[in-house]
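In what follows, a structure is listed as structure tokens, so that the remarks can point back to it.
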Amino acid sequence: MLASPGMLHHLLPPPHLAFAVPHAGPGTPHHALLPLSRLRGHLAPLAYASSRRVRRRASGTTVRASVGEVAPPAPGAVSEEASTSGPTKFSMKIPVGDRHILVETGHIGRQASASVMVTDGETIVYSSVCLADTPNDPSDFFPMSVHYQERLSAAGRTSGGFFKREGRAKDHEVLVCRLIDRPLRPTMPKGFYYETQILSWVFSYDGIHSPDCLAVTAAGIAMALSEVPNKQTIAGVRIGMVNDQFVVNPTTEQMEDSELDLVMAGTDSAILMIEGYCDFLTEEKLLQAVETGQVAIREICKAIDGLVQKCGKKKMVDAIDLPPPELYRHVEDISGDELVKALQIKEKILRRKALSALEGKVITILSEQGYVAKDEPSGASENLADIIEEEDEDEVIVDGEVDEGDVHIKPVSRKPPRQLFSEVDVKLVFKEVSSKFLRRRIVEGGKRSDGRSPHELRPINSQCRLLPRAHGSALFTRGETQALAVVTLGDYQMAQRIDNLVDTEESKSFYLQYTFPPSSVGEVGRIGAPNRREIGHGMLAERALEPILPPEEDFPYTIRVESTITESNGSSSMASVCGGCLALQDAGVPIKCPVAGIAMGLVLDTLEFGGDGMPLILSDITGSEDASGDMDFKVAGNENGISAFQMDIKVVGITLPIMEQALLQARDGRKHILNEMSKCSPPPAKVLSLYAPLIHVMKVKPNKVNLIIGSGGKTIKSIIEETGVDAIDTGDDGTVKITARDLSSLEKSKTIIANLTMVPKVGEIYRNCEIKSIAPYGAFVEIAPGREGLCHISELSSSWLAKAEDVRKYHKFICLLYFSAILASSTCYVCFRLLKLVIALMSSLLR
């Protein structure tokens, strides 16, 4: 017998959430309450309403709060639009900077755990969160994936390639995925193993309001509304600095004049992630910018909490599965002193092998004692004989009859296991115990794994000119982290083209590519396209180096930097900054100043490990300190300011005083690294390599550019073939760039272009000019290839000349002096005088 929604309303216990069902006719309740957490598939047909819906902005009361003051939640902050033909839509306006963003949910993406549409101006980002039906195997890494895509249709465009649809993620989209992932991951509880997927699409873009920081906020709202038991609500903003004033979520036009590009995310009480670049701002200015962003984030998070109370789903707290507490005591008792000794091994590979061997020993001992069973692979392990044998068993009927042809799942009797813990639980606990012991050693003993103090940096060594044929190269080594940086110089054709939402042809004349092979950590792994980590680290190093490059007018080269990590034990992206800076100097790039980068770590709760309770900042962290610590804060710049920064938090956030302490300690570290880089041996060449192309920039009048190009590019192609140069690039403003491999071909092309575009000047002498044609009123003389001028018959001879043709009897090549230009019928006739006549006249004057 089937139960109606009205009967289910009385049979089921009242859940936390109501699901709106459309009217089915008289006698049917307006709302039928059904648990939604695991019945999405069954309830989807009931939720379907109209296939066409008009999105309307909420007209109800909204929350209004300005930055810098905390406004109490206004009653009716969430606007609810009930419809008889569709689901209920909840909307809210949230103040951000000098405007509001609109958040809408409940009317789109209803089968997802949560979905939202966030609008800023006419830029719209859609984000959804979905969970797997069953949990994954336990792991120390939360199974969450993020996908962000900018649909070209959002800006009224289609793809320019053969395939007219979006494909693999662009580098910019990958960076936004990382911006979404990094602040959300620390808010996820340990022991929650349901695979979680966040999908974000840009459906509309107005060219004014950037969608990236909007996507961070949209993902944070969707996660807060979903069943995922995250600890706190997060939001993200961008901070710019225009005319020494901080701007929250600046427009694209404002960002063109901004000295700072800071994207940050956090909760209502702490910071979780910051990333950005600037033009050597001081630490004090950066802290002020972060403080401005934190105030804005606090207001957004408070508004989101009000929306969650209205329409959020119940969190799956019961699904959190942590290892048994007594397992920690067993692991600590068995590992004990051996773990302390293993953590004191300075070499990374030896320490890793010692910890792996100790982990195996702990599992073996617990298995022998009957506490642990070896993990079996998931799936059925029965053979064919077992299956045939089971088919002969009596059929078990439970809760009703089994129809013919129906599949009935037989209940399996589970014997109480003799073992208490699983092998994977032991591995997870061993890792946590190792981290705990490492933190205690740092706090209590004041010594890290390699014997350094918290403020001490690893030994630094650097050398340039390793690769003779490369335009510039440098090897930077810091402890067990090593980066080989190579610089290649080229012309405009080597620039990186960018395809984005804006319908313009953009290109980058400077880019850095970071490669992290598995051999750098002594492992075997996949080699292929760059992963998200490599793209993110490369962009961070690129932004750190970009402010020190000379203007394109002074150095018209496209610059490519490759950073290959040959060894890694922490801070490889900052090693790329240091190595890249040295390689640029070795390639002869006239940089404004050298820069360096350093990674800072943190032990937040020192009281637990025998400290005084004050946070402990670590300089130049290694890989184990990154994994076991609470922060990874990368800062690049020179002695006076910061050029790029990136901070990831592994706890629920840090405060501004901690960040200030880390920035000041990082400045001292950068000064030390820059001093060590100045001792590079051999030092950078600081001159162009013999194998680098030569680029000459010349200016011509804009109306002369067509003379260089010629009809259908005929002239410019002939110049390239005749002289042997690599390329000639012309601009509408009259800029001409000539790229050549040798000086002789460069000079030839310069001469030809100069002759084509030359403008005669009064007083210039032109020698050995060929008479090209004769007219009754004078001779036309070629003063330069393709350029002719008129020498009037009266100027062809010092004596009377009956016919202009008579000049050819005496001269084929003549020397002329340009003395004037006659303007007649809008045509400029260049007038020349025979040089012999001029000399005679000047001689007579001298007498």
Side-chain angles (χ1 to χ4, degrees), residues 160-161 170-172 464 466-474 483-500 504-515 529-530 534-535 537-564 576-577 579-591 684-698 708-709 713 716-717 719-721 723-733 735-743 745-746 749-750 753:
K170 306 179 183 69
D171 285 0
H172 169 69
C464 290
L466 274 78
L467 310 176
R469 300 290 295 197
H471 299 162
S473 60
L484 175 62
V486 180
V487 170
T488 306
L489 304 177
D491 61 357
Y492 71 99
Q493 296 178 345
M494 204 179 83
Q496 175 68 58
R497 294 179 60 187
I498 303 173
D499 187 15
N500 53 26
T504 57
E505 286 290 333
E506 291 189 15
S507 61
K508 291 199 304 184
S509 60
F510 170 68
Y511 50 95
L512 187 147
Q513 296 169 336
Y514 169 97
T515 305
E534 290 175 314
I535 293 173
H537 280 36
M539 181 55 67
L540 176 63
E542 177 183 313
R543 288 171 171 174
L545 293 171
E546 193 169 10
I548 68 173
L549 297 177
E552 194 170 352
E553 296 78 21
D554 299 337
F555 194 75
Y557 286 87
T558 294
I559 305 171
R560 178 195 182 198
V561 181
E562 298 171 83
S563 177
T564 303
S576 300
V577 174
C581 179
L582 291 170
L584 287 171
Q585 296 178 74
D586 191 50
V589 179
I591 63 173
K686 296 186 178 182
V687 292
L688 281 178
S689 168
L690 295 174
Y691 307 105
L694 300 174
I695 297 182
H696 176 74
V697 180
M698 56 191 302
I708 303 173
I709 299 174
I716 197 169
K717 290 177 183 176
I719 297 174
I720 293 173
E721 291 176 2
T723 60
V725 297
D726 290 344
I728 299 175
D729 179 34
T730 59
D732 294 336
D733 61 346
T735 301
V736 180
K737 294 181 181 179
I738 308 171
T739 306
R741 289 289 169 182
D742 56 84
L743 189 61
S745 60
L746 181 66
S749 61
K750 281 171 58 179
I753 293 174

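Just the heavy atoms: all of them, side chains too, but no hydrogens, waters or symmetry mates, feed the values below.
Here the straight-line distance linking atom CD1 of I559 with atom NZ of K508 works out to 12.5 Å at 0.5 Å rounding. Taking NZ of K717 as the start and CD of E721 as the end, the distance is 8.5 Å to the nearest 0.5 Å. How far CD of E534 is from OH of Y514: 7.0 Å, rounded to the nearest 0.5 Å. To the nearest 0.5 angstrom, K170 atom NZ is 11.5 Å from I498 atom CD1. Separating the CD atom in Q513 from the CD1 atom in I535 is a distance of 10.0 Å, to the nearest 0.5 Å.
Proximity of a side-chain donor or acceptor of E542 to a complementary backbone N or O of L512 within less than 3.5 Å is detected. Formation of a donor-acceptor pair under 3.5 Å by the H471 side chain with backbone atoms of Y691 is found in this model. For T558 (side chain) and M494 (main-chain N/O), no donor-acceptor pair under 3.5 Å exists by modelled atom type. Side-chain N or O atoms of Y557 include none that pairs as donor or acceptor with a backbone N or O of S509 at under 3.5 Å. Side-chain N or O atoms of S473 include none that pairs as donor or acceptor with a backbone N or O of A470 at under 3.5 Å. At least one donor-acceptor pair under 3.5 Å links the side chain of T723 to the backbone N or O of I719.
Side-chain contact between K737 and I728 is absent, with no heavy-atom pair separated by less than 4.5 Å. Between L584 and L582 there is no side-chain heavy-atom pair separated by less than 4.5 Å. Between T739 and L694, the closest side-chain pair of non-hydrogen atoms is not below 4.5 Å. In this structure the side chain of V697 reaches within 4.5 angstrom of the side chain of T735, judged on heavy atoms. In this structure the side chain of I753 reaches within 4.5 angstrom of the side chain of M698, judged on heavy atoms. Side-chain contact between V589 and P550: present, with at least one pair of heavy atoms (C-beta onward) separated by less than 4.5 Å. Using a 4.5 Å heavy-atom threshold, the side chains of F510 and V561 count as touching. Put simply, the side chain of T488 reaches to within 4.5 Å of the side chain of E562, judged on heavy atoms.
Salt bridge present: D726 and R741 bring a charged side-chain N and a carboxylate O closer than 4.0 Å.
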